[in-house]
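Take a look at the structure below.
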Amino acid sequence: MKILLEAVIYSLIYSVFMLILFQKQGAKYQLYNYPPAIRKRAIEKGIITQEELNHNAKSNKTIGLIVMIVLSILITCVINKQFTFFAGFIQSYIFFNAFSLVDSLIIDTIWFCHSKWWVIPGTEDMTDAYHDYAFHWKWFFIGLVSSAVLSAITGGIIALIGLAV
């Protein structure tokens, strides 16, 4: 039960971080998270270039991954006082996928798909693309597998911390 509460707290903290980043940067810097049709339209309208989109994706994903890992390490090591690879792997896997579920269900399916807050000027008519639920859920299911790699890295870092303490 404790791990579920921690997963909810992890998801809320990381969601707030991502929303603050979005609010600060604006939609243009988060376009790599949008469905392909919207990205294509933004490029066609000169809102962003493919090079800018790639750069923003790389820098934001790097920042996001670092925050995800650090937050997971803090909960596992500082709060739970666990320093094994297995503890780091399992807890990180739960945290990463809990956030992914919150992101897919609440942020993407409910909020992104049905709010003007996320709409980029020049794409207002692209209702079908903004309501592309499959796009968002595809990434949730891909994440179930790909987060295992990130969890293994996090577990390794936690095991190294365990050797040092």
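Computed from a prediction, not measured in an experiment: that's the story for all the values here. Note: hydrogens, waters and symmetry copies are ignored here, and every other heavy atom, side chains too, is used.
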- Counterpart residues, side-chain hydrogen bond (donor to acceptor under 3.5 Å, both in side chains), relative to K2 (two or more places apart): E6, N80

- Under the side-chain hydrogen bond (donor to acceptor under 3.5 Å, both in side chains) test, which residues partner S11, sequence neighbours left out? none

- D132 with K138: basic N within carboxylate O range, under 4.0 Å: no

- Which class fits the ring pair F112 and H136: parallel under 30°, tilted 30 to 60°, perpendicular over 60°? perpendicular

- Taking the side chain as every heavy atom from C-beta outward, state whether L12 and V16 have any atom pair closer than 4.5 Å. no

- Task: Could you tell me the separation between the CG atom of L53 and the CG atom of L31, rounded to the nearest 0.5 Å?
- Result: 6.0 Å

- Message: Can you give me the closest heavy-atom contact between I75 and F95, atom names plus distance?
- Response: CG2-CZ, 3.5 Å

- Heavy-atom closest pair (S147 atom, Y93 atom, distance to 0.1 Å) is OG-CE1, 3.2 Å

- To the nearest 0.5 Å, tell me how far D108 CG sits from H114 NE2. 11.0 Å

- Message: Using a 3.5 Å distance criterion without hydrogens, assess whether the side chain of Y130 forms a donor-acceptor pair with backbone atoms of D125.
- Response: no

- Donor-acceptor pair, side chain of N60 and main chain of Y29, under 3.5 angstrom: yes

- Item | SG on C113 to OH on Y133, rounded to 0.5 Å | 5.5 Å

Expected list for residues 155-165: side-chain donor-acceptor pairs under 3.5 angstrom, two or more places apart:
none

- Kindly say whether G122 contributes a backbone atom to a donor-acceptor pair with the side chain of E124 at under 3.5 angstrom? yes

- Note on the structure: When rounded to the nearest 0.5 Å, the distance separating NZ of K40 from CE of M126 is 9.0 Å

- Least distance between heavy atoms, A129 atom then P35 atom: O-CG, 3.3 Å

- Evaluate the side-chain contact (heavy atoms from CB on, under 4.5 Å) criterion for residues N54 and T49: first the C-alpha distance (whole Å), next the side-chain angles of each, then the deciding distance (0.1 Å), finally the verdict. CA-CA 9 Å; N54 294 343; T49 66; over 6 Å; no

- Give the cluster check for F86 versus V149: same hydrophobic cluster or not, with ILVMFWY residues linked at side-chain heavy-atom distances below 4.5 Å. yes

- Query: Rounded to the nearest 0.5 Å, how far does CD of E52 lie from CD1 of I47?
  - Reply: 11.0 Å

- Neighbour count above 12 (heavy atom, 6.0 Å) for W139 CH2: no

- Message: According to a hydrophobic-cluster definition based on side-chain heavy atoms being under 4.5 Å apart (Ile, Leu, Val, Met, Phe, Trp, Tyr only), do L150 and Y32 belong together?
- Response: no

- Query: Any chain of hydrophobic side-chain contacts (each under 4.5 Å) joining V78 to I13?
  - Reply: no

- Minimum side-chain heavy-atom gap L101-N97 below 4.5 Å: no

- Query: When you measure from the side chain of T109 to the backbone N and O of S104, does any donor-acceptor pair fall under 3.5 Å?
  - Reply: yes

- Query: Are F141 and V102 in one and the same hydrophobic cluster, where Ile, Leu, Val, Met, Phe, Trp and Tyr link if side-chain heavy atoms are under 4.5 Å apart?
  - Reply: yes

- Specify the closest pair of heavy atoms between L19 and W118, including all atoms of both residues, with the distance to one decimal. CD2-CH2, 3.5 Å

- Message: Could you check whether Y14 and F17 have their ring centres less than 6.0 Å apart?
- Response: yes

- According to the interplanar angle, ranging from 0 to 90°, do the rings of Y34 and F22 count as parallel (below 30°), tilted (30 to 60°) or perpendicular (above 60°)? parallel

- Message: Are more than 12 heavy atoms, taken from residues, nucleotides or ligands other than H55, located less than 6.0 Å from that residue's NE2 atom?
- Response: no

- Item | Straight-line distance of I120 CD1 to Q30 CD, nearest 0.5 Å | 10.0 Å

- Nearest heavy-atom approach of F99 to S15 is CE1-OG, 3.4 Å

- Cluster question for you: counting only ILVMFWY and a side-chain heavy-atom cut-off of under 4.5 Å, with indirect links fine, are L21 and I106 together? no

- Around K28, counting heavy atoms of other residues, nucleotides and ligands shown, do more than 12 lie under 6.0 Å from its NZ? yes

- Message: Test side-chain contact (heavy atoms from CB on, under 4.5 Å) on Q91 and Y10; report intermediate values, then the result.
- Response: CA-CA 11 Å; Q91 289 179 50; Y10 175 93; over 6 Å; no

- What one should report as the nearest heavy-atom pair of S151 and F96 is OG-CD1, 3.5 Å

